[in-house]
Amino acid sequence: MRSLVEDMTNLTMLETQKLMIVKPQFVAIQSILEKACDEVRQIASAHEHKLTFAFREAPITVNVDPDKTVSVFVNLLNNAIRFSPRGSEIIVGVTQQGDRVMTWVQDHGIGIADDRLKKIFEEFYQAEPPSTRHYGGLGIGLTIAKGLVEAQGGKIWAESDGAGKGSTFKVLLPKA
Ligand SMILES: Nc1ncnc2c1ncn2[C@@H]1O[C@H](COP(=O)(O)OP(=O)(O)O)[C@@H](O)[C@H]1O
Ligand SMILES: [Mg+2]
């Protein structure tokens with residue numbers, strides 16, 4: 001059992017390292033967010049969620065791997081969809097902050113307790129105990145997202161006012 005777990009962990013490490021090879025190019029962050037939204041639109045509408053863009057600015061160029069960065073936001077959006085009640089609003093936003101670009105995915109779902117805001121980025125960590133799980137998933141999405149964001153000089157973290165109060169995942173990326 002133990003070696004099986006070790007094998008799985010090694011596999012994850014290898015896969016993760018491969019995943020972390022990023023090929024940056026100049027691209028508008030808005031187009032990345034739009035692509036990510038396009039990928040989850042069907043599942044969002046199946047849950048009657050409303051996907052809202054909070055983009056007020058002209059295109060902001062970042063220097064990131066487009067596909068991998070899209071996958072980061074797809075991950076955040078899928079989580080927002082899964083951990084929110086049917087028919088709620090999910091807001092995707094972007095704004096400029098000096099030499100950085102702040103993006104966020106905000107939901108009105110189950111929220112995250114204060115002491116778990118950091119832990120959820122750890123490998124295999126899921127806030128819900130396995131015995132009562134009804135959300136599925138593997139608990140590695142955020143770990144990979146964090147690795148990818150940090151490999152590109154960015155930062156990712158979660159904010160929440162607590163259980164039932166929704167969550168906001170923020171991603172800070174350097175401007176090109
Ligand atoms: N939008 C969210 N709202 C509430 N909890 C969340 C949200 N996103 C992630 N979480 C918590 O973080 C855990 C880890 O997320 P993730 O790494 O994507 O794994 P998975 O989605 O496979 O469970 C989730 O199991 C959940 O407990
Ligand atoms: Mg996930």
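Ligands are counted one by one from 1 in listed order, and the atoms in each one are counted from 1 as well.
Ligand 1 lies out of reach of Gly109, whose nearest heavy atom is not under 4.0 Å from it. For Ser160, the closest heavy-atom approach to ligand 1 does not fall below 4.0 Å. Within the structure, ligand 1 lacks Phe121 among the residues with a heavy atom less than 4.0 angstrom away.
When non-hydrogen atoms are compared, ligand 1 lies under 4.0 Å from the side chain of Arg82 (C-beta onward) but not from its backbone. Contacts with ligand 1 closer than 4.0 Å are made by heavy atoms of both the backbone and the side chain of Leu142. The backbone of Tyr125, and not its side chain, has at least one atom closer than 4.0 Å to an atom of ligand 1 (non-hydrogen atoms only; backbone = N, CA, C, O). By the criterion of a heavy-atom distance under 4.0 Å, both the backbone and the side chain of Ala127 are placed next to ligand 1. Looking at Ile140 against ligand 1, only its backbone comes within 4.0 Å, counting heavy atoms.
For the side chain to side chain donor-acceptor pair (under 3.5 Å) criterion with Tyr125, the lone passing option out of Lys119, Lys118, Arg116 is Arg116.
Residues Ile120 and Ile112 are in side-chain contact: their nearest non-hydrogen atoms beyond the backbone lie under 4.5 Å apart.
One option in Asp107, Leu117, Ile144 has a heavy atom closer to atom 1 (N) of ligand 1 than any other, and that option is Asp107.
Considering backbone and side-chain N/O atoms, Gly139 comes within less than 3.5 Å of an N/O atom of ligand 1.
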